[in-house]
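Nothing fancy with the numbering, it's 1 onward along the sequence. As the structure lists them, so they are numbered: ligands from 1, and atoms in each ligand from 1. Keep in mind it's a predicted model, so treat the numbers as computed, not measured. Any value given below was found using the heavy atoms of this structure, including those in side chains, with hydrogens, waters and symmetry copies removed.
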Amino acid sequence: MDVFIKNGQIATKNLTPGISVYGEELILQDVEYRVWNPKRSKLAASLLNGLKSLDIKNDSDILYLGASTGTTVSHISDMVPDGRIFAVEFSAVTAKKLTRLSRQRPNIYPILGDATKPKEYLNITPKVDFIYCDVAQPTQSELFMKNMDLFAKPESLGILMIKARSIDVVQKPKKIFKQEEKKIKEKGFKIIEKVKLEPYEKDHIAFIIENSGF
Ligand SMILES: C[S@@+](CC[C@H](N)C(=O)[O-])C[C@H]1O[C@@H](n2cnc3c(N)ncnc32)[C@H](O)[C@@H]1O
């Protein structure tokens with residue numbers, strides 16, 4: 001996994017040298033790196049905040065829920081040069097940009113689909129090594145677990161990005177995080193790491209989840 005952290009900056013080794021995806025800086029040293037903006041990517045924020053248990057290898061297959069235009073997907077694409085990312089996005093407008101990105105990066109497989117209905121992409125998505133979920137929806141924990149049930153291998157991990165305000169704008173974030181944690185544990189999954197995303201994202205937490213119980 002080619003991720004580099006130095007002096008509070010994070011970068012990935014550019015799979016497509018010379019091409020910047022979202023205006024990020026390119027740094028040419030022995031190879032070319034793409035600076036990863038933690039204010040635009042919750043995964044970069046989690047890693048800068050000390051996330052330890054991310055287990056993505058060069059040849060990992062990833063299912064990514066809520067791919068948007070592909071900002072974070074592009075950095076994961078750098079991390080898995082010999083793997084594949086099945087990137088699900090339900091907005092057709094947004095998915096167009098993601099599709100353009102997939103033409104430059106052959107390890108991205110864009111899927112125009114609804115992550116609450118994973119059976120719709122079951123025939124085009126294999127079992128994967130890692131599931132990334134960032135849909136910013138009230139039912140994000142439920143849809144994440146549904147996708148884990150269908151696509152995770154017994155040893156797979158997943159990451160769930162929880163935005164408290166997407167679930168309830170009135171409740172205290174701490175209470176919402178506890179409530180989501182309870183839901184996940186009750187279904188037999190194990191949360192192995194929790195990382196808050198401040199100062200990059202307010203009232204967000206990342207849960208790394210193990211597919212235990214299957
Ligand atoms: C917070 S943005 C994702 C940002 C992206 N993960 C990144 O870091 O580059 C949430 C995205 O999830 C998408 N989304 C919301 N609900 C979804 C669903 N049920 N299925 C698929 N995508 C969904 C939205 O259209 C939006 O593009």
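The closest side-chain donor-acceptor pair between Ser156 and Asp129, if any, does not fall under 3.5 angstrom. Residues Tyr109 and Asp61 bring no donor and acceptor atom of their side chains to less than 3.5 Å of each other. In summary, the side chains of Ser60 and Arg84 do not present any donor paired with an acceptor at a separation below 3.5 Å, with no hydrogens or angles considered. Gln104 and Thr16 share no side-chain donor-acceptor pair at under 3.5 Å.
Looking at atom 4 (C) of ligand 1, its nearest protein heavy atom turns out to be Asp134 OD2, 3.5 Å. At the top of the distance list for atom 7 (C) of ligand 1, counting protein heavy atoms only, stands Thr72 OG1, 3.3 Å. Of the protein's non-hydrogen atoms, Gly66 O, 3.2 Å is the one closest to atom 3 (C) of ligand 1.
Considering backbone and side-chain atoms together, Tyr132 places no N or O closer than 3.5 Å to any N or O of ligand 1. In terms of polar-atom proximity, Thr94 is not counted as a contact of ligand 1, lacking any N or O under 3.5 Å from an N or O of the ligand. Residue Ala136 places no N or O, backbone or side chain, under 3.5 Å from any N or O of ligand 1. Checked against a 3.5 angstrom limit, the closest N/O atoms of Gly70 and ligand 1 fall outside it.
The shortest distance between side-chain heavy atoms of Pro110 and Glu89 does not fall below 4.5 Å.
Classification of Asp134 and Lys42 as a salt-bridged pair holds, one side-chain N sitting under 4.0 Å from a carboxylate O.
Counting the atoms of ligand 1 from 1 in the order shown, those under 4.0 Å from a heavy atom of Tyr64 are 5 (C), 6 (N), 7 (C), 8 (O). Heavy-atom proximity to Lys42, at under 4.0 Å, picks out these atoms of ligand 1: 1 (C).
Between the choices Gln137, Gln140, His75, Glu89, the shortest heavy-atom distance to atom 11 (C) of ligand 1 belongs to Glu89.
Residue contacts with ligand 1 include Gly113, since one or more of its heavy atoms lies under 4.0 Å from the ligand. Using 4.0 Å as the threshold, Asp114 has a heavy atom nearer than that to some atom of ligand 1.
Note: Tyr22 and His75 have perpendicular aromatic rings, judged against thresholds of 30 and 60 degrees for the angle between ring planes.
Between the CZ atom of Phe207 and the CD1 atom of Ile191 there is a distance of 4.5 Å, given to the nearest 0.5 Å.
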